[in-house]
Amino acid sequence: VTLTELLATALAALEERPAVLVNASAVGYYGDRGEEILVEGSRPGSGFLAEVCVEWEAATEAAEDAGIRVVNVRSGVVLDRNGGFVSFVLPLFERGLGGRIGGGGQWTSWIALEDEIAALLHAATTPSLSGPLNAVSPAPARSHEVTTALATALGRPALLSLPAGALRLALGPDASGYALASERVLPRKLEGSGFEFAHRDLDGAIRAALAHGPGAAGGAPPA
């Protein structure tokens, strides 16, 4: 938050200001919302992650006040074997020790790495976009569907489960809350601005996530 405030203030003070500032945020903005469908205009949630996202987005105010177009990209779970959720659980699934996280019924708003990168570029180059922008697939999935798709792609079973209580004990309330939260987020503004997803299907996105990077069939990570 502090770094974003410094950056926004510095950009606002320039004589020749950039046309756009694309700022990172996350669907954690919405908090744990159960079955509720969430779009860019939905209210923020409660809890540590939601509070961080609210403050993070507000930190761009100086740039916006100076006439710079600001886009706060609320990213979902980015599917990539080299980082984030997939890299965290992949060693377990490769050993046949993967399975449901918590109850498994919570909604996961995901996005393929290829689409995440494209969405950031789209935000930077589409003058009609400003404010919050959900960078998620149009097809959010239940948590158990994500873990089943990962196990299927690896040809491994997904018979075990990680109970919510054990997850909270291992990761603490803040980190475990991210894994257990239900966030059913839709990319209304992205789709309305003409963005085309390369991976709208979860199974295809999981396969793409596993196809590149260290340890993947096919060799070295892309340049």
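All heavy atoms count here, side chains included; hydrogens, waters and symmetry mates do not.
Between the side chains of Glu183 and Ser109, no donor-acceptor pair of N or O atoms lies under 3.5 Å. Side-chain contact of His199 with Ser137: a donor-acceptor pair under 3.5 Å is absent, judged by distance alone. Counting only N and O atoms by type, the side chains of Glu116 and Ser75 include a donor and acceptor under 3.5 Å apart.
Looking at Ser182, its side chain never comes within 3.5 Å of a backbone N or O of Arg33 through a donor-acceptor pair. A distance-only check finds no donor-acceptor pair linking the side chain of Thr126 to the backbone of Ala123 [under 3.5 Å]. Glu114 contributes no side-chain N or O that, together with a main-chain N or O of Ala112, makes up a donor-acceptor pair within less than 3.5 Å. Ser87 contributes no side-chain N or O that, together with a main-chain N or O of Asn82, makes up a donor-acceptor pair within less than 3.5 Å. Panel note: side chain Lys189, backbone Pro132; a donor-acceptor pair is recorded below 3.5 Å. Judged purely by atom type and a 3.5 angstrom limit, Arg100 uses its side chain to pair as donor or acceptor with the backbone of Gly103. For Asp115 (side chain) and Ala198 (main-chain N/O), a donor-acceptor pair under 3.5 Å exists by modelled atom type. A donor-acceptor pair is defined here as one N or O able to donate and one able to accept, closer than 3.5 Å; such a pair exists between the side chain of Asp201 and the backbone of Asp203.
Counting only heavy atoms from C-beta outward, the side chains of Leu79 and Leu202 approach each other to under 4.5 Å. At least one side-chain heavy atom of Tyr30 sits less than 4.5 Å from a side-chain heavy atom of Val185. Residues Leu97 and Arg156 have side chains not in contact (no heavy-atom distance under 4.5 Å, counting atoms from C-beta outward). Side-chain contact between Ile68 and Pro18 is present, with at least one heavy-atom pair separated by less than 4.5 Å. Using a 4.5 Å cut-off on side-chain heavy atoms (C-beta onward), Ile101 and Val146 make no contact. Using a 4.5 Å heavy-atom threshold, the side chains of Leu120 and Val22 count as touching.
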Anything under 3.5 Å between a donor and an acceptor, one on a side chain of residues 1-14, the other on a protein residue two or more places apart or in another chain? List them.
residue, atom, partner, partner atom, Å
Thr4, OG1, Trp56, NE1, 3.1
Thr9, OG1, Glu5, O, 2.8

Pairs under 3.5 angstrom only: tabulate donor-acceptor contacts from the side chains of residues 41-50 to other protein residues two or more places apart or in another chain.
residue, atom, partner, partner atom, Å
Ser42, OG, Val39, N, 3.0
Ser42, OG, Val39, O, 3.2

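Environment of CZ in Arg142: crowded, with over 12 heavy atoms of neighbouring residues, nucleotides or ligands closer than 6.0 Å. More than 12 heavy atoms of other residues, nucleotides or ligands shown are found within 6.0 angstrom of CD on Glu35.
The cluster map of Ile, Leu, Val, Met, Phe, Trp and Tyr, joined by side-chain heavy atoms under 4.5 Å apart, puts Leu186 and Val77 in different clusters. Each of Leu21 and Val54 belongs to its own hydrophobic cluster when Ile, Leu, Val, Met, Phe, Trp and Tyr are linked at side-chain heavy-atom distances under 4.5 angstrom. Grouping the Ile, Leu, Val, Met, Phe, Trp and Tyr side chains by contacts below 4.5 angstrom, directly or via other members, places Trp107 apart from Leu38. Under the 4.5 Å side-chain contact rule for hydrophobic residues, Val27 and Ile37 do not share a cluster. Put simply, Phe93 and Val86 are part of the same group of oily side chains (I, L, V, M, F, W, Y) that touch within less than 4.5 Å, one to the next.
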Notebook entry, point to check: Can you list the steps and then say if Phe197 with Glu191 is a side-chain contact (heavy atoms from CB on, under 4.5 Å)?
Noted result: CA-CA 9 Å; Phe197 286 87; Glu191 290 197 299; 4.0 Å; yes

Next item on the list: Take Val89 and Thr147 through the side-chain contact (heavy atoms from CB on, under 4.5 Å) test and state the conclusion after the steps.
Entry: CA-CA 9 Å; Val89 301; Thr147 52; over 6 Å; no

Note to self: Set out, in order, the CA-CA distance, both residues' side-chain angles and the distance that settles side-chain contact (heavy atoms from CB on, under 4.5 Å) for Ile206 and Thr152, then state yes or no.
What the structure shows: CA-CA 10 Å; Ile206 290 286; Thr152 300; over 6 Å; no

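A salt bridge between Glu94 and Arg81 is present, with a side-chain N of the basic residue lying under 4.0 Å from a carboxylate O of the acidic one.
Residue pairs meeting the side chain to side chain donor-acceptor pair (under 3.5 Å) criterion with at least one partner in residues 58-72, sequence neighbours excluded, are Asn23-Asn72.
Atoms CD and CG, from Glu40 and Leu129 in turn, are 9.0 Å apart once rounded to the nearest 0.5 Å.
With a 6.0 Å cutoff to the six-membered ring centre and a 45° limit on the axis angle, Arg74 counts as a cation-pi contact of Tyr29.
The shortest non-hydrogen separation linking Leu190 to Ala135 is CD1-CA, 4.1 Å.
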